[in-house]
Structure formats: structure tokens, C-alpha cells
Enquirer: 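Have a look at this one.
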Amino acid sequence: MDGSSLVMLGVILALLCASALFSGTETAFTAASRAFITRRAREGDRRAATLGRLSERKDRVVAAILVGNNLVNTTATALASALLIAWFGEGGVAYASLVMTLLLVVFSEVLPKTLALRSPDAAALRVVPVLSATMRLLGPAADLVNGVVRATLRLAGARPPEADRPGITEDELLGAIELHGMGQQGPADLAARQERGMLRGVLALDDMVVRDVMTHRSRIVGLHASAPPEAMLAKVLASPHARFPLWGRDGEEILGVVHARDVLRALHAAGGDPARLDLAAVAQPAALVIESRPLRDQLQDFRKAPVKMAMVLDEYGALKGIVTLEDIVEVVVGQIVQRGEAILGDLAEGGQVELRGDLRVRDINRELGWDLPEDEAATIGGLVAARQRGIPAVGTELAIGRYALRVLERRGLRIDRLAVRPKDQTEAGWMGPG
Ligand SMILES: Nc1ncnc2c1ncn2[C@@H]1O[C@H](COP(=O)(O)OP(=O)(O)OP(=O)(O)O)[C@@H](O)[C@H]1O
Ligand SMILES: [Mg+2]
């Protein structure tokens, strides 16, 4: 082998290495997590800051890398052809294609990309100098490439892709949340599941309205201003609640909201004599909210409000229920306190569970990981009534989505108790008596 052949071999080898560097850089750059880069940049890491800036124009960076990568690939292959033709004559072209394809795929594509993917975040930081140099040298070429691509797309009638799409979409975020902690087991799995629930809850605040979480009118514990003071005191003492709407004479008009603290204050003002208790004097003005108000907005209102309870009205101004800060917080963190009896019965074999009719479909889905439809009614009893177009008799069975339901108890026009099970698991049928 003569001297110039040796030089050529050396150059080809160097080009293959450059090609590998481009490939690895591209993979590290595109696979590095945005969250990691942002965090490190905030901590003052200069390389991360550069990465963050480059990520804002991903298409430009990728185009520059591709230009560089293809430039070295073609040059290396051309040199190899020249060399092998000199050695083997005409047949050298075929040899060069074969050998260079193998070398490029194995050493300049798969190997560096696999390496970069093993820890893309660290790799991305390491290749920042390569990225900067590439952009300085090939940035204009990348602009040219992107310009030609856009023009061609426009000629073909296709819409060019958005160059600078802001951040990620909510769908992408939801997808990432579903993947969070997947494949973990035991306590780690439980923690990840709870975190998924909270993250989903935060996003749900956008789609939910006050009506979805309010406590229905029929379950409000309120005080009537016209009732004997001793009776009001007894009611406050017997109730687990801290805030009470104060109704006017006709039981329709809302005078305000009384906090248990206010009752104490009123009692003190009355010299400790319950008969002289004047709750209307200590009641705070009631906040009113329309039932269609988005939860996110109501949450903001509560942050500023002196009383963390609001009366929920429909568009005609009729009272529909009440909502408190806790009702909204529960969308994110899940049921905080299980009120009264246990919120859910024990899960029997085959996944069957007995539920109170007034449980919220959303809470059931969350607690059991089910997917009953949440947009037809707030409570599971309401969902059954909606599907049956009326209040079904005890013993009625129906299917909703993947679930079989059976009415166990009815009180008046309300479904009090029902049994539910996922259909696929228990072809065996209902368990237990009844
Ligand atoms: N007077 C009331 N009547 C009926 N339901 C109420 C009443 N007050 C609060 N709730 C409901 O009870 C649940 C818990 O609300 P929240 O924790 O805000 O009130 P609380 O437990 O009475 O007060 P606190 O937790 O401040 O002592 C919510 O679903 C809320 O809608
Ligand atoms: Mg509470």
C-alpha cells in the first residue's frame, strides 16, 4: 500500500468517526428530557442553558446535524470508491458500497445511537460543544434545507409544520403521565399511581365545573334564622361541618354563612345565654357562584375569599348546592376524609363491590381504577337513573360500559345501594344473597 492510500484510509476512518459523532449527537439532543435541561439550566449549568436555547429551534439543529452527517458519509463513501477502484478496478464500486454500508450502519449509526440512548440527558450535555460548532458551521446550510423543504411542501399543497410549537400539548402531557412509574411494583407502584392521580386531577381542573363537585342541595346542613336559638346551637354541635348556610324566614333567602367560630362569638356576645343567640348578626356574606364556573377559576376565587364556601346557583338563580375549597382540592388529591360510612365497600372476589348510590362516579373510578362514564351524571345512582330513563326497581340489572350493575336498595326516588362488577372477570354471575 502506498503513502497516498494510507492517507486516504486515515481520512475515511476520521470521517466515519465524525459520522458517528453526528449520529450520537442527534440522538442525545432529541432524546434529552426537557425537564432535565430546564432544571440544570436554572441551576446555572451553562451547557444546559445552551441546550435549552438550541431546543427552541429543534428543526434547525436537526437539519444542521443531518447536513453534516450526510456530508461526511458521502465523502467517506466517495473516497472509499476511489480507493477500491484503484485496487480492484471496476469491481471496486460494488465493494465500496458493501463495505461502507456495513461500516456506516454498525459504527456510525447504531452504535453511537445506542450509546446516546443509554443516558440521553448526560450525553446531551457532553455533546454541547459539537452542537455549537455544528450550528456555527452549518446553521446557514440548515436554513437553506428547511427553506427548500417548506417551499416543496407548499408547492405540493401540504401545510408546512409549525417551526416553533410552544411546549408540549396537554395530550402529550397526559400520555407522559400514564407512563409515569409504569412497571414498578409494590410501594413504588402505589406512589406512582397516586402521583398519576394527582397529575390527572390538576389537568382535570380545566375541564370540570363547580356542578361536578358540589354538595347537592338535598344534603346541605343549614340553619334557619327563625328557628329557636337552642335548636340551632344543637344542630351546629351535632354536625361534623364547620360552615352553615343561614336561611332567611321563608327558607329560600340566603342571609349568609355561619362558621362554628362565629357561633362561639355570638354566644359570647349573648353573655353565654343561648336564648339570646343572634346568628344573623355574626353571619358572613355568602359567596354566590354559577354552577357552570370552571373549577380552576373557582379555586382562584377561594384563595382570596374570606369564607371558603360558596352557594351554587343555576342560571335562573335557584340554589343547586354548595361548594367548598375541599371539594376542589379533592379533585387533585383524592377523597380527603371518608364521610360517614366507608366510601366504598370491600372489593369482593371477582371485583364486585357494593356502593352507595350517592357516591360520585369520579371518586369510584379513581378509587377502583375503573372507567365508568363521568359525563352523564355526577353520582352512580344518577348514572343508573339516566341510563334507565327513570328510577329502576330493586333487582334491576343493567350494563354500563365494561360493568354490570344491579340495584340493591331504593329509598323513595333515590337509588340507595347498588352492586357493581367489571363484566369480563365474573361470567360466574352475582355473588352473595339477593
Ligand atoms: N353545611 C354543610 N352541609 C353539607 N355539606 C357540607 C357543609 N359544609 C361542608 N360540606 C361538605 O362537606 C365536605 C367537606 O368540606 P369542608 O372540609 O370544606 O367542610 P368541613 O369538613 O365542614 O369543614 P372543616 O374541614 O373546615 O372543618 C365537602 O364536600 C363540602 O361540600
Ligand atoms: Mg373537612
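Nothing here was measured: the structure is a model prediction, and the numbers come from that model. Ligands are counted one by one from 1 in listed order, and the atoms in each one are counted from 1 as well.
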Enquirer: I'd like to check whether Arg360 has a polar contact with ligand 1, where a contact means an N/O of the residue lying under 3.5 Å from an N/O of the ligand.
Expert: no
Enquirer: Could a heavy atom of Leu325 be found less than 4.0 Å from some atom of ligand 1?
Expert: no
Enquirer: Find all atoms of ligand 1 within a distance of less than 4.0 Å from any non-hydrogen atom belonging to Thr324, and give their numbers and elements.
Expert: 9 (C), 15 (O), 16 (P), 18 (O), 28 (C), 30 (C), 31 (O)
Enquirer: With a cut-off of 4.0 Å, which atoms of ligand 1 are near a heavy atom of Ile322?
Expert: 2 (C), 3 (N), 4 (C), 5 (N), 6 (C), 7 (C)
Enquirer: To the nearest 0.5 Å, how far apart are CD1 in Ile380 and CG in Leu372?
Expert: 5.0 Å
Enquirer: If we check side-chain contact (heavy atoms from CB on, under 4.5 Å) with Thr215, which of these qualifies: Asp327, Val312, Thr324, Val323?
Expert: Asp327
Enquirer: By the salt bridge (Lys or Arg N to Asp or Glu O under 4.0 Å) test, which pairs, at least two apart or in different chains, include something from residues 303-324?
Expert: Glu291-Lys320
Enquirer: Which option out of His259, Arg243, Met309, Glu326 puts a heavy atom nearest to atom 19 (O) of ligand 1?
Expert: Arg243
Enquirer: Using distance alone, decide if ligand 1 has a nitrogen or oxygen within less than 3.5 Å of any nitrogen or oxygen in Val221.
Expert: yes
Enquirer: Is any side-chain N of the basic residue among Asp301 and Arg293 closer than 4.0 Å to the acidic one's carboxylate O?
Expert: yes
Enquirer: Counting each atom of ligand 1 from 1 as listed, which ones have a heavy atom of Thr215 under 4.0 Å away?
Expert: 5 (N), 11 (C), 29 (O), 30 (C), 31 (O)
Enquirer: Between Asp278 and Arg276 (salt bridge meaning N to carboxylate O under 4.0 Å), is one present in this structure?
Expert: no
Enquirer: Got a list of side-chain donor-acceptor pairs under 3.5 Å for residues 382-392, not counting sequence neighbours?
Expert:
from   : atom 1 : to     : atom 2 : distance (Å)
Arg387 : NE     : Glu376 : OE1    : 2.7
Arg387 : NH2    : Glu376 : OE1    : 3.4
Arg387 : NH2    : Glu376 : OE2    : 2.8

Enquirer: For atom 27 (O) of ligand 1, which candidate among Ser218, Gly321, Ala242, Ala310 holds the nearest heavy atom?
Expert: Ala242
